[in-house]
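Note that the structure is a prediction, hence the values are computed from the model and not measured.
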Amino acid sequence: MYESMDELMASVQRRLYRIRDLTDDMAGVRGRESAQDGSITVEVDGNGALLDLQFSQAVSTMTPAEFESTLVATAAAAVRRAFERRSELVIAFNEEVAD
């Protein structure tokens, strides 16, 4: 419990600043993944939206099915990486504000 209004206000202010920090941190989350053979590299933001897609010469030797499979798997891995980072940020935030 808070012994004074000043302590309460200070606590609220700290939490407000922490929420702003979390918002900034979440906006900066990126997930980047490359296929094992280096043929495709995908970068997504913290919401899983595509930011960058790069292909190497290796894609020219792939069948359409191989290309599709590699692209989808690489994109999914990039999204998973971004979502894991978001999850880490939220868990850390929740632990911090629970005190």
J.: Can you confirm whether the side chains of Asp6 and Ser4 place a donor and an acceptor under 3.5 Å from each other?
T.: no
J.: Would the distance check show the side chain of Arg86 and the main-chain N or O of Gly46 forming a donor-acceptor pair, the cut-off being under 3.5 Å?
T.: yes
J.: Any heavy-atom pair between the side chains of Leu51 and Arg30 that's under 4.5 Å?
T.: yes
J.: Give a yes or no answer on whether the side chain of Ser11 reaches the backbone of Glu7 with a donor-acceptor pair at less than 3.5 Å.
T.: no
J.: Test of understanding: with side chain to side chain contact (heavy atoms under 4.5 Å, CB included), list the residues that count as partners of Arg85, not counting sequence neighbours.
T.: Val29, Glu88, Leu89
J.: When rounded to the nearest 0.5 angstrom, what is the spacing between CG in Leu71 and CG in Leu53?
T.: 6.0 Å
J.: Within the 4.5 Å heavy-atom criterion, are Val42 and Val79 side-chain neighbours or not?
T.: no
J.: Any pair with a residue in residues 6-64 that passes ring pair (Phe, Tyr, Trp, His ring centres under 6.0 Å), sequence neighbours left out, goes on the list, sorted by first then second residue, please.
T.: Phe55-Phe67
J.: Identify the residue among Gln54, Gln57, Glu66, Met62 that makes a side chain to side chain contact (heavy atoms under 4.5 Å, CB included) with Ser39.
T.: Met62
J.: In Å, rounded to the nearest 0.5 Å, how long is the span from CG of Asp21 to CD of Glu96?
T.: 8.5 Å
J.: Do you know which two heavy atoms are closest between Ala77 and Glu33, and how far apart they sit?
T.: CB-CG, 3.4 Å
J.: Hey, does the side chain of Thr23 reach the backbone of Ile19 with a donor-acceptor pair shorter than 3.5 angstrom?
T.: yes
J.: Side chains of Met5 and Met9: does their closest heavy-atom pair fall under 4.5 Å?
T.: yes
J.: Could you tell me whether the side chain of Val59 reaches within less than 4.5 Å of the side chain of Ile40, counting heavy atoms only?
T.: yes
J.: If two hydrophobic side chains count as joined below 4.5 Å and joins carry through other members, does Val44 share a cluster with Val72?
T.: no
J.: Would the distance check show the side chain of Arg18 and the main-chain N or O of Val97 forming a donor-acceptor pair, the cut-off being under 3.5 Å?
T.: no
J.: Taking salt bridge (charged side-chain N to carboxylate O under 4.0 Å, His left out) as the definition, give me every residue that meets it alongside Arg32, ordered by chain and number, with sequence neighbours left out.
T.: Glu43, Asp52
J.: Flag yes if Val90 and Phe93 sit in one hydrophobic cluster, no otherwise; membership is Ile, Leu, Val, Met, Phe, Trp, Tyr, and two members link when side-chain heavy atoms are under 4.5 Å apart.
T.: yes
J.: Kindly give the heavy-atom pair with the smallest separation between Ala82 and Asp45, and that separation in Å.
T.: CB-O, 3.6 Å
